[in-house]
Amino acid sequence: MTSPAFLGALCLALSCLGGAHGLWRSDDLEWSKLIMVHHWPATVCQEVESHCKDPPNYWTIHGLWPDKSEVCNRSWPFNPKEIKDLLPDMRRYWPDLLHPSNYSHQFWSHEWKKHGTCAAQLDALNSQRKYFGKSLDLYKALALTSMLQKLGIEPSTDHYYQVSDIRDALVSVYKVVPKVQCFLLEKGQEVQLLGQIELCFSKDLQLWNCSHAAEPAARRQEAWPNLGLHVCEDGPVLYPPLNETKL
């Protein structure tokens, strides 16, 4: 059962801060929902091996992505000074797992240019400070790591979960359908690896089913074209612990 405290925090973070006034009117830039993408560091680092350094043992932010549109304003560069007060939380919850040596600025710049400039069509997200700050608020309110723990879904080397059980458990908490993504099986692997979990929001920043609209194929792999992320197939999935990752 979801606690009143969790619901209160979630409602506060998801409150609508403004109308969905579009800054751009081209049909090519229109979008209908936001996708909060979490990734599991142990799985990501297992796939890229030597690239990771001291990955965290909790779900981190991959990005907050409007569906359908990308790079809506090429003349709006990323400026880390605008999120200076957010940097402690950004480094903790939104790290660049693949390139830790660049202090994540390149990763955040990519996310802003590709996704933030489109999300900025909303008043609630119409600056870099608002976009990254609200993304952090949504991430904290969703509390995916602790929610999975409370649901009894924890990393393990000797226990496989059913994809449908993970999806149904998340529905029981968030009351919307998430998207659960895995890494493609390689030769010799017997089970898919849990890699990403997406939770979606409407334009007024209310939780929404991720199944409302099809996601473009190009978005499935995002910044990592060689990792092979895809929607998990029904069946067993491994949720690997960090200490089993080859770093």
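Values below: every heavy atom of this structure, side chains too, minus hydrogens, waters and symmetry copies.
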**Request:** Mind checking the CD-CZ spacing from Glu111 to Phe132? Nearest 0.5 Å is all I need.
**Result:** 7.5 Å

**Item:** Under 3.5 Å: donor-acceptor pair, side chain of Trp112, backbone of Trp76
**Value:** yes

**Complete:** Taken to the nearest 0.5 Å, the spacing of Trp40 CH2 from Trp59 CH2 works out to 7.0 Å

**Asked** Would you find a donor on one side and an acceptor on the other, under 3.5 Å apart, between the side chain of Gln128 and the backbone of Ile83?
**Response** no

**Message:** Can you tell me how far apart CG (Leu242) and CD (Gln46) are? Round to the nearest 0.5 Å.
**Reply:** 10.5 Å

**Asked** Just by distance, do the side chain of Lys179 and the backbone of Val231 share a donor-acceptor pair under 3.5 Å?
**Response** no

**Request:** Check Cys182 against Val237 and note the closest heavy-atom contact, atom names and distance.
**Result:** SG-CG2, 3.7 Å

**Message:** Using only atom types and a distance under 3.5 Å, with no angle test, would you say the side chain of Glu70 pairs donor to acceptor with the backbone of Trp65?
**Reply:** no

**Value rounded to 0.5 Å, distance of OG1 in Thr145 from NE2 in His38** = 7.5 Å

**Prompt:** Is a side-chain donor or acceptor of Ser109 paired with a backbone partner of His105 at a separation under 3.5 angstrom?
**Reply:** no

**Message:** Taking Phe107's backbone N and O only, do any of them form a donor-acceptor pair with Ser104's side chain (distance below 3.5 Å, no angle check)?
**Reply:** no

**Message:** Quick check against the 3.5 Å criterion: does Tyr174 have a side-chain atom that pairs as donor or acceptor with the backbone of Leu142?
**Reply:** yes

**Asked** Closest heavy-atom contact between Leu86 and Gly133?
**Response** CD1-N, 3.5 Å

**Request:** Look at the side chain of Tyr131 and the backbone N and O of Leu64, then say whether any donor-acceptor pair between them is shorter than 3.5 Å.
**Result:** yes

**Request:** Step through it carefully: locate the ring centre of Trp94, locate the ring centre of Tyr139, and say whether they are under 6.0 Å apart.
**Result:** no

**Asked** What is the ring orientation for His62 with His39, classed by angle as parallel under 30°, tilted 30 to 60°, or perpendicular over 60°?
**Response** parallel

**Asked** Would a distance-only check, ignoring hydrogens and angles, find a side-chain to backbone donor-acceptor pair under 3.5 Å from Gln192 to Pro236?
**Response** yes

**Complete:** Closest heavy-atom pair, Met36 versus Leu138, reported as atoms and distance to 0.1 Å, is CE-CB, 3.9 Å

**Message:** Using a 6.0 Å distance limit plus a 45 degree cone around the ring axis, check whether Lys203 lies over the aromatic ring of Trp31.
**Reply:** yes

**Euclidean distance, Leu144 CG relative to Ile61 CD1, rounded to 0.5 Å** = 11.0 Å

**Item:** Main-chain N/O of Glu154 paired to Tyr161 side chain as donor or acceptor, under 3.5 Å
**Value:** yes

**Fill in**
One should read off an interatomic distance between Lys33 NZ and Ser202 OG, to the nearest 0.5 angstrom, of 11.5 Å

**Message:** Could you report the tightest heavy-atom contact between Thr60 and Pro56, atom names first, then the distance?
**Reply:** CG2-CG, 3.5 Å

